[in-house]
Amino acid sequence: MKIICIGRNYTDHIKELENEKPTDPVVFLKPDTSILLKKQPFFIPDFSDDVHHEVEILVKINKVGKHIDKKFAHKYYDDIGLGIDFTARDLQAQLKAKGLPWEKAKAFDGAAVIGEWLPKKNFEDLNNLNFSLKKNDELVQNGNTSLMLWKIDEIIEYVSKYFTLKIGDIIFTGTPAGVGRVIANDKLIGFIEDKQLFSITVK
Ligand code: MG
């Protein structure tokens, strides 16, 4: 399986990192080795002093597809989830400055937190979902999918032009504002609406 991530999909987050608003979705991949294993803590890698949390809505692909029209994209997923796109911001800044790919800052072991899955039919409108991240009981990120520049079905249309989507592939749909550094002993808890979908400890 592969993990396809969208960057810069919320205006408020683009502003906080002083990035330019993209004309097309920003796309990068994480390997399966980046998935944080269930019940395991997240270990800050030794090559970074500035790992940030980015809480994101996830979509799990349920059938093979290529060149999927956004009209039909809803047929390619049944489950919605929540995760963290951990990012070594210091390393990413160096790579960005040199125009180099981001993978070392985004695709390291443990950098993809994947919480519990929920059937999409539980929700009336996937384009109006509240989601949030608490760090040590403080609300640090709070988003709503209505604020995505590219909605889930548009993301599927776009990425499937480039990559064949396969069963079990996961899409990270981008983070809202409020990203920030994690340090040892932080506890991160993620929610869609009021349902808790993951709880992890940082080491
Ligand atoms: Mg992200």
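Indexing begins at 1, ligand by ligand and atom by atom, following the structure's order.
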If you check every N/O/S atom of [X], which is the one nearest the Mg ion (ligand 1)?
X	answer
E56	OE2
E54	OE1
D85	OD2

Query raised in the report: Is the NZ or CZ atom of K120 positioned over Y77's six-membered ring, under 6.0 angstrom from the centre and within 45° of the axis?
Result: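 Here K120 passes the 6.0 Å and 45° test against Y77.
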Query raised in the report: Does K63 make a cation-pi contact with Y76, if we ask for NZ or CZ under 6.0 Å from the ring centre and within 45° of the axis?
Result: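 Pair K63/Y76 counts as cation-pi.
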Query raised in the report: Are Y158 and Y162 an aromatic pair by the rule of ring centers under 6.0 Å?
Result: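 Distance test on ring centres: under 6.0 Å, yes.
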Query raised in the report: With a 4.0 Å cut-off, would you call R89 and E54 a salt bridge?
Result: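 Salt bridge between R89 and E54, a charged N being under 4.0 Å from a carboxylate O: yes.
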